[in-house]
Protein chains: 2
Amino acid sequence: MSNLSTTSDAILASARNLIMRGGYNGFSYADISEVVGIRKASIHHHFPSKADLVRELVQRYREDGQASVVTLEQNVPDALDILKGYADHWTKCIEDASRPYCVCALLASELPSLPPEVATEVTAFFRFISSWLTTVMERGSKSGALRLTSEPHVEAEAFLATVYGAMLSARAYGKPEVFSMILAPALNRLTPNVSH
Amino acid sequence: MSNLSTTSDAILASARNLIMRGGYNGFSYADISEVVGIRKASIHHHFPSKADLVRELVQRYREDGQASVVTLEQNVPDALDILKGYADHWTKCIEDASRPYCVCALLASELPSLPPEVATEVTAFFRFISSWLTTVMERGSKSGALRLTSEPHVEAEAFLATVYGAMLSARAYGKPEVFSMILAPALNRLTPNVSH
DNA sequence: GACGGTCTGCCTACTAGAAGGTAGGTAACG
DNA sequence: CGTTACCTACCTTCTAGTAGGCAGACCGTC
């Protein structure tokens, strides 16, 4: 119980990379086996089925996201800075090609063809991000850190859509800089007008 | 040559539906065979390889899009109305579940794992939509039909990202209405201020 | 502290079915 | 007669998943 087996972590990590490339149906146990340096059958020892593997992966992805959000909120008081931090996180991921696309964005597009257990986990991720962004919008609106033109939950969904849409465009054009090009005016629009 | 074989059209149509569900790796010739009522091998007669099939599919998808754009521009003079029309098109598709997701959006997320011939066709689609939206933005800005806060091509990318992001959210939540909820303020923001 | 038992992590070897694709034949049609 | 559209039958490779074995770590018990 000392630490959660390094191997299963390696399996999850390589699965994440593979899903980022081609989604749920775009990778196989054989692919993971090559990367991790373990036999195909041994992966089944850690994750009985593919659905188990991806469900666990998405679950952890959400938990990690929740943890990141907590530390972000602790270190950054201003709501606008939080949104900038969130956008910045993705800017870096996309630009250094380390995590150039959100796993859950890809899985969400495949939703209708996903095993139900995975699908529910993916929608749970979206609900989490959405409700978190809503609280940020609400707080920022009250404190004056953000200038909203719609209700907080609408602004939250619009911001989320912009981020994920921008991620898609960056991938489609093969130009990482497209992401921040789109996000910059979106953040600007939420910035209180100091020249007023 | 009378009309392009109905069968190959049926194959393309069912492939489109299947891709909308699960992407490039989410369907097989066997799936199409079941829907169309033709043997697996007969599909190869029309489309030698899977990549051929999807490349042709995306190519036609773009051509159809270009044709739709032309008629839209002919019938609708106002730039804002064009953007509303474009958004409306997707609203209807998503709400009646006829085409609840853009084929190219799904393929774009899978880009790194796509056969190159398909990938280039997908990026071509995005370049087309992007450049078209840019001309709409430019025209609307000059005529006063649109109120832009950034350069036309940036506004175009931002609008496109919003549309595709909203499409993803609608799918992720399983709530079609989310799409227009996000698009409404985006369009509002582009509307010239009459109360000024 | 040696002894037997269980648990863990991995292996080889295998299966059944699905994947994309091929070979070759047949019937209709201009 | 050649072309078109479809068929049956087949091939290879890949798919997720199973069966069973084996070495080592961990375990209390004598």
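Here is how names work: the chains are called A, B, and so on, in the same order as the sequence lines, proteins then strands, and each is numbered from 1.
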Out of the candidates A/Val76, A/Val70, A/Val69, only one should pair with A/Leu72 under the side chain to side chain contact (heavy atoms under 4.5 Å, CB included) rule; please name it.
A/Val76
Interatomic distance, B/Asp9 CG vs D/dA5 C1' [rounded to whole Å]
15 Å
A/Thr7 side chain N/O closer than 4.0 Å to the phosphate oxygens (OP1, OP2) of C/dC10?
yes
Is it true that a side-chain atom of B/Tyr24 and a backbone atom of B/Leu107 form a donor plus acceptor pair closer than 3.5 Å?
no
Within residues 36-45 of chain B: residues closer than 4.0 Å to DNA chain C (heavy atoms):
B/Lys40, B/Ala41, B/His44
Check this for me: does any side-chain nitrogen of one of B/Glu157 and A/Lys175 sit under 4.0 Å from a carboxylate oxygen of the other?
no
Looking at residues 13-28 of chain B, who's got a heavy atom less than 4.0 Å off DNA chain C?
B/Phe27, B/Ser28
Are B/Arg60 and B/Glu56 close enough for a salt bridge, meaning some N to O gap below 4.0 Å?
yes
So, applying ring-ring contact (aromatic ring centres under 6.0 Å, His included) with B/Phe126, which one of B/Trp132, B/Tyr61, B/Tyr164 is it?
B/Tyr164
Is the side chain of B/Lys50 donor-acceptor paired with the backbone N or O of B/Asn25 at a distance under 3.5 Å, no angle test?
no
Cationic tip of B/Arg171 above B/Tyr101 ring, under 6.0 Å, 45° of axis
yes
Tell me whether B/Arg39 at atom CZ has more than 12 heavy atoms from other residues, nucleotides or ligands lying less than 6.0 Å away.
no
How long is the line joining CD1 of B/Ile32 and P of C/dG20, in whole Å?
8 Å
How many Å lie between NE2 on A/His46 and C1' on C/dC7, as a whole number?
14 Å
Choose from D/dT15, C/dA19, C/dG21 the nucleotide whose nearest atom is closest to any side-chain atom of A/Ala30.
D/dT15
Starting at atom OH of A/Tyr29, determine the distance to atom C1' of C/dC14, rounded to an integer number of angstrom.
18 Å
Can you measure A/Asp52 atom CG to D/dA16 atom C1' for me and round it to whole angstrom units?
12 Å
